[in-house]
Structures are given as C-alpha cells and as structure tokens.
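Heavy atoms only: backbone and side chains are in, while hydrogens, waters and symmetry mates are out.
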Amino acid sequence: MSSGMEVVTQPFAAVALLDERRRTMVGVIDIGSNSLRLVIYDRISRSPMVLFNEKVMCALGRGLNSSGRLNPEGVVLARDNIERFVALARGLGVARLDILATAAVRDASDGPAFVAEIEQKNQIKIKVIDGEEEGRLSAAGVRAGIPDADGITGDLGGGSVELAMTGAVASKLVSSLPIGALRLTEAGGDDARARQIVDQAVASLDWLSQGRGRKFYAVGGTWRALARIHMEQTGYPLHIIQNYSIGRLEAENFTDLIGRQSRRSLDKVAGISRKRLETVPLAAYVLHRLIKAIQPDRVVFSAYGLREGHLFEQLPPNEQRLDPLLVAAETMARTNPRFSCGGDELVRWTDPLFADDTAAQRRLRRAAALLSDIGWSEHPDYRDEQTFMRCLRMPVAGLDHAARAYLAVALHARYGGNPDASILARIFGLIDEDTFARARSVGLGLRLAYTLSGGAPGLVGAATLEVDETTLALTVPEHTAIYTGEAVQRRLDALGRAVGKRTLVRTDDAEVPPPVRRRARG
C-alpha cells in the first residue's frame with residue numbers, strides 16, 4: 001500500500017556535486033621503483049580533495065642493480081594493476097588521468113618495452129620523468145602542502161633519492177642519487193658496502209650545506225614509516241604524518257639507532273609493515289647521513305610529494321599563492337551550509353578582542369571563522385567533541401600540528417565544550433597554555449556571535465564589541481530584543497572570563513541591566 005509520499009533517492013545538491021566532480025576529477029598513477037599507486041582528486045586546485053587512494057607494492061626495481069632489468073614478478077603485478085587502475089579511473093569518470101614513471105622504469109633496459117606494452121594495451125600515455133624533474137616535482141609537492149617551506153626536500157624511493165632546494169621560488173639546485181632503498185638492500189647483502197655507497201653519494205653534492213639551519217623535508221613511504229616508528233616510541237598524541245617535525249639532534253640519534261637495528265629487532269616495532277621492513281634500516285641510514293651533511297634545524301615529514309607537485313605545477317601562479325588552509329576551510333563551509341555568517345564578517349566582528357594578533361594568529365582566526373558552523377548538523381550533545389576531532393584530523397594542507405590543535409580547541413569552545421573535557425588531552429604537548437587560552441577565546445567569541453545572530457548573515461554586525469583595559473562591552477541597537485537576553489549575557493560573561501575582563505551590555509552609552517536569572521522549578 002502506497003503511503004502517498006514521494007521517495008527522493010538523492011538530493012538535488014548531491015547530484016549537482018557529483019556532476020561537477022565528473023567534469024573536474026583528475027587521477028594520477030605513480031609507477032615507482034617499489035610501489036604503484038592510484039590517487040583520484042576532486043579537481044586540480046590549491047586544496048584538492050582525495051577521493052580515492054590505492055597502493056600496490058610491486059617492487060619493480062628489485063634486482064635492477066644486478067640485472068639491469070625490471071623485476072619480472074613486479075612487471076606482471078604492475079601490468080595487471082595498472083590495467084585495473086586505468087579501468088577503475090575511467091569507470092569512476094575522471095576527466096583526466098596522468099601516469100608518471102620514475103627511477104626503475106627510466107633506468108631499466110626493458111623500461112621502454114614495459115611502457116610501450118602498457119600504453120598500447122590501455123590506450124594511454126605514460127610520462128617517464130628524469131631524476132631532475134622528479135626532484136623538482138617532489139619539492140613542488142612539499143610547497144603545496146607547506147606553503148612557507150624553506151630548506152631542502154629529499155624524496156627517497158626504491159631506486160633513487162632526489163634532493164632539491166625548496167622555497168618560495170623553484171631552485172635549479174636539484175640532484176638525483178642512485179641510493180634508493182631497494183637498490184641499497186641489494187648491495188651484495190653487505191650493509192657496510194651499502195653504507196659506503198651512501199656516504200660517497202652524499203659527499204658528491206657540494207650544495208647541501210646551503211640547507212644548514214633550515215628545514216629538511218622528508219618525502220617517501222619508507223621515511224614515512226620512520227616517522228610512524230618515532231610517533232609510537234615517543235607516545236606522540238597525533239598520528240598524522242604531514243608536517244610531523246623532529247629537532248635535528250633527536251632525528252640524528254633516532255635514525256642512527258634505527259639504522260643499526262637488525263630486521264629481526266625491527267619486526268617487533270609497531271608502525272612498520274612487513275613489506276617495508278627490509279628497507280627501513282638503510283633508509284634510516286640515508287636520512288642520518290643527509291642530516292649530518294646538511295645540519296638542518298629540524299626534519300619535517302611530508303605526505304605531499306611527486307603527485308601533489310605534479311598537480312601544483314599545473315596551477316597558474318596566482319592560484320599557487322593562495323593559502324591552502326583557507327581554501328580548504330571555505331570549501332568545507334560551502335559543502336554543507338546552514339545559513340552561516342561569512343568568515344570575513346566574523347573575523348571583523350571579533351577584531352576588537354584580538355587587536356594584537358600576529359599575521360599567523362589572524363590567519364588561524366579566519367580559518368576558525370570559516371569552519372565555525374561545520375558542526376551544525378551533528379547531534380547537539382556531541383557537537384563539541386565531533387567538531388574537535390574533525391578539525392584535529394582534517395586532511396588539508398597548510399597546517400602544522402600546533403595549528404591543528406589550535407583550531408580544534410577553538411571549535412570545541414565554539415560549540416560549548418568544557419575546558420576540562422577529557423578529549424582535550426589529545427592535544428597536550430602540541431600547544432602551550434597561552435595558545436590554548438587564546439584558541440578558547442577565539443571559539444567563545446564565535447559562540448557569542450552565533451548566539452547574537454543565529455548564524456544569519458549580517459545580523460551580528462549590528463552589535464559591536466569594544467575592549468578597554470578592564471571591560472568587554474557589547475553595544476547593541478536600541479530597542480532590539482534579539483541582542484539581549486539570558487543566553488547573550490551568559491556567553492558574553494564566559495568570553496569576558498576567558499579574556500580577563502568585566503562585561504557589560506549597553507545601548508548608545510546606556511548600560512542595559514543584566515537579565516534576571518530565574519531558578520528552574522522542579
């Protein structure tokens with residue numbers, strides 16, 4: 001029996017979003033010496049969203065040193081999975097699919113035949129890039145994820161390590177060394193010989209000293225495995241590789257320790273997959289020697305590399321200069337809108353509270369403002385926790401771990417989270433007490449703005465904040481009941497306590513008496 005109700009299988013907004021994605025989706029297949037990966041992004045933009053990510057460990061470069069040819073077993077595995085990846089990407093409707101091949105394919109005598117077979121079978125072109133271009137793209141990927149990157153990028157693959165000076169302007173100082181993790185493990189089974197090869201290769205580059213006192217950006221799956229081991233060993237509270245940072249001396253000691261471990265010892269260490277196990281000690285040694293040669297102030301691990309750099313370089317210069325955090329925050333705010341105040345409106349409204357903002361603090365306050373209504377559709381009892389975790393772990397670029405914690409704390413306060421809530425233990429050690437307090441003040445300012453306006457654009461601007469040495473004053477239009485009431489006073493008081501000011505509400509210089517708080521009955 002029909003209920004008479006129309007069944008809507010997909011909202012119009014969702015259909016429009018899917019149609020747009022089909023017009024803009026781009027896929028990148030990366031044929032590396034050790035792994036093969038397909039990543040599909042929603043578009044080429046300053047903050048592309050990953051829609052699909054799959055990796056297969058093919059080890060194409062295994063045995064390359066001795067035979068000069070691709071690993072036969074890896075060729076079969078790679079050929080089958082590339083065919084699968086191409087079919088999958090086309091089935092999902094990507095508008096564009098790029099295939100990049102690196103060290104193993106470019107160095108193997110049968111590399112051209114391997115490429116020709118795949119191109120003919122799948123009717124698609126493969127771009128085999130040289131070491132210099134690989135290094136340049138990896139550095140571009142680091143800049144895409146860390147806009148203020150300044151130092152040297154190192155990308156360790158199975159066949160080679162690419163090194164490139166990295167900064168606001170692309171550098172010509174790029175080198176490729178044949179000391180990839182797979183190649184080193186095949187140096188006659190002799191670790192001493194492998195280490196000698198590493199030392200000689202690193203010593204051959206006379207420009208590495210230009211990175212002294214700057215950052216070293218570590219890219220590549222095996223170095224990411226090292227970062228995971230370090231996180232596990234130190235009890236680090238946030239398991240996100242992007243922008244994970246270790247001081248130079250600590251990194252030196254850690255990589256020296258891991259580099260001297262046997263495979264059997266490392267088998268017991270959490271954070272390493274068995275397929276990475278054999279390459280980890282020598283990968284640690286390569287990183288150790290590079291740290292020794294460069295003497296950076298910190299080692300920063302980057303999850304962004306070749307593929308992201310490939311997309312980044314296709315953006316026009318004006319888009320490359322955009323802030324990926326703010327682009328991502330604005331996109332997230334538009335994805336599931338209610339009737340939110342604009343981010344710029346909220347930033348201007350809270351300006352009197354934060355007149356001493358640095359450029360970095362104002363940037364994070366703007367990001368918090370853009371994200372300030374993303375929890376509206378969550379269950380009201382859990383909005384603070386859900387939004388906290390979402391901000392802490394959101395897969396966007398342009399954030400170090402301290403900034404993640406800052407935004408998470410701010411949005412936790414925006415949704416009324418208790419400053420003593422146990423969930424906040426997740427950011428202990430990521431930000432100090434003063435930064436924690438400032439983030440909460442930002443969140444409480446946003447909470448007051450939403451109380452005044454209900455989230456409707458334009459309404460919050462009719463009420464203004466003024467701050468002097470002792471007082472936080474809220475000035476409201478005369479005879480406008482929407483701006484007064486117990487909830488407004490309560491949240492103004494909470495903000496006042498956070499910034500250490502007494503509070504008052506006034507109309508045209510006349511103070512408004514605080515509302516009578518009645519004790520609830522029953």
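Leu70 approaches Ala104 most closely through the heavy-atom pair CD2-O, 3.5 Å. In this structure, Arg393 and Arg404 approach most closely via the heavy-atom pair C-NH1, 3.6 Å. Nearest approach of Asn81 to Val56, heavy atoms of both residues: OD1-CG2, 3.5 Å. In terms of heavy-atom proximity, Arg90 sits nearest to Ile124 at NH2-CB, 3.9 Å. For the residue pair Gly398 and Pro147, the shortest heavy atom distance occurs at CA-CD, 3.9 Å.
With salt bridges taken as basic N to acidic carboxylate O contacts below 4.0 Å, none links Asp30 and Arg37. A salt bridge does not link Asp297 to Arg214: none of the charged side-chain nitrogens sits closer than 4.0 Å to a carboxylate oxygen. With respect to the salt-bridge test (charged N to carboxylate O, under 4.0 angstrom), the residues Glu119 and Lys125 qualify.
When ring centroids are compared, Tyr217 and Phe301 stay outside the 6.0 Å threshold.
Note that the CZ atom of Arg363 and the OG1 atom of Thr358 stand 11.0 Å from one another [nearest 0.5 Å]. Rounding to the nearest 0.5 Å gives a distance of 13.0 Å between OG1 of Thr102 and NZ of Lys127. Once rounded to the nearest 0.5 Å, the distance linking NE2 of His310 with OG of Ser138 reads 12.5 Å. Distance check: Leu97 CG to Phe85 CZ gives 11.0 Å after rounding to the nearest 0.5 Å. The CG atom of Leu392 sits 7.5 Å away from atom CG of Leu430, with the distance rounded to the nearest 0.5 Å.
Although no hydrogens or angles enter the test, the distance criterion places a donor-acceptor pair under 3.5 Å between the side chain of Thr350 and the main chain of Val347. For the pair Arg183 (side chain) and Gly159 (backbone), a donor-acceptor distance under 3.5 Å is present. Remark: side-chain polar atoms of Asn71 are paired, donor with acceptor, to backbone N or O of Ala59 under 3.5 angstrom. Side-chain N or O atoms of Asp42 include one that pairs as donor or acceptor with a backbone N or O of Met49 at under 3.5 Å. A donor-acceptor pair under 3.5 Å is absent between the side-chain atoms of Ser66 and the main chain of Leu64, judged by distance alone.
Not a single side-chain hydrogen bond (donor to acceptor under 3.5 Å, both in side chains) links Arg383 to another residue, sequence neighbours left out.
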- request: Take Glu385 and Glu378 through the side-chain contact (heavy atoms from CB on, under 4.5 Å) test and state the conclusion after the steps.
  value: CA-CA 10 Å; Glu385 293 184 8; Glu378 301 287 354; over 6 Å; no

task: List the steps, then state whether salt bridge (Lys or Arg N to Asp or Glu O under 4.0 Å) holds for Arg143 with Asp148.
output: CA-CA 7 Å; Arg143 288 191 294 120; Asp148 59 351; over 6 Å; no

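Cation-pi geometry between Arg298 and Phe216 is not met: the NZ or CZ atom fails to fall both under 6.0 Å from the ring centre and inside 45° of the normal.
Sorted by first and then second residue, the ring pair (Phe, Tyr, Trp, His ring centres under 6.0 Å) pairs involving residues 361-380 (not counting sequence neighbours) are His379-Tyr382.
For the pairing with Arg362, the salt bridge (Lys or Arg N to Asp or Glu O under 4.0 Å) check across Asp351, Asp344, Asp323, Asp357 returns one residue only, Asp351.
Note: His230 and Phe254 have perpendicular aromatic rings, judged against thresholds of 30 and 60 degrees for the angle between ring planes.
Within 6.0 Å of the CD atom in Glu54, the count of heavy atoms belonging to other residues, nucleotides or ligands exceeds 12.
Between Ser302 and Asn243, the side chains place no donor N or O within less than 3.5 Å of an acceptor N or O (distance only, hydrogens not considered). Side-chain atoms of Thr166 and Thr153 include a donor-acceptor pair closer than 3.5 Å.
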